[in-house]
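Below is one structure, written out as structure tokens, with a few remarks after it.
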Amino acid sequence: MAESLRRFFGINGVSHNENHIAQRLSKYFEWIMFIIAFGLPFYWYFSTYDELNSIVIITFQWLIWGTFVTEFLVMTALVKNKMFYIKTNWLNLVIIAFTFPMLASLSKILTVLWLARLLV
């Protein structure tokens with residue numbers, strides 16, 4: 001039941017039938033995402049009240065976006081069933097497409113999407 005819900009929401013991760021390397025590396029990415037998720041509320045607060053230098057904001061946006069891209073590309077390359085991975089992790093593609101740092105000034109949805117994915 002939980003796995004089918006995770007597939008529906010596009011956050012399935014790596015299947016348990018996948019190779020050992022893909023499973024292990026996905027755990028490392030989970031920790032990296034956890035660290036980013038921990039820092040995101042601070043980023044959100046300080047950027048809302050203009051307490052951060054614009055260079056810091058841009059760097060943080062590129063760092064988060066780059067982490068999502070790196071995770072998606074590396075995990076897609078490592079898994080055996082690439083189409084299944086892409087179909088069951090579609091939220092990553094949405095985040096990568098709609099949170100491109102150059103579009104950040106157009107919408108505050110960027111932080112909300114990051115936070116939603118990172119918290120899940």
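We're numbering straight along the sequence, starting at 1.
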Could you measure the distance from the [atom1] atom of [X] to the [atom2] atom of [Y]? Nearest 0.5 Å is fine.
X	Y	atom1	atom2	value
Lys27	Trp31	NZ	CH2	11.0 Å
Lys87	Leu93	NZ	CG	13.0 Å
Gln61	Ile57	CD	CD1	7.0 Å
Tyr85	Glu18	OH	CD	10.0 Å
Thr76	Asn92	OG1	CG	8.5 Å
Leu63	Phe68	CG	CZ	11.0 Å

message = Is the shortest side-chain heavy-atom distance between Phe29 and Val74 below 4.5 Å?
response = yes
message = Within the structure provided, determine whether Phe72 and Ile95 are in side-chain contact (heavy-atom separation under 4.5 Å).
response = no
With [X], which residues qualify under side-chain contact (heavy atoms from CB on, under 4.5 Å), at least two apart?
X	value
Val56	Leu52, Asn53
Asn17	Ser15
Phe42	Phe38, Phe46
Ile35	none

request  = Taking all heavy atoms of Asn19 and all of Leu78, pick out the closest pair and write down the distance.
outcome  = ND2-O, 2.8 Å
key: Distance-minimising heavy-atom pair for Ala22 and Met75   = O-CE, 3.0 Å
key: Within one Ile-Leu-Val-Met-Phe-Trp-Tyr cluster: Trp65 and Ile55, side-chain cutoff 4.5 Å   =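 No, it is not one cluster - the side chains of Trp65 and Ile55 are not joined through contacts under 4.5 Å.
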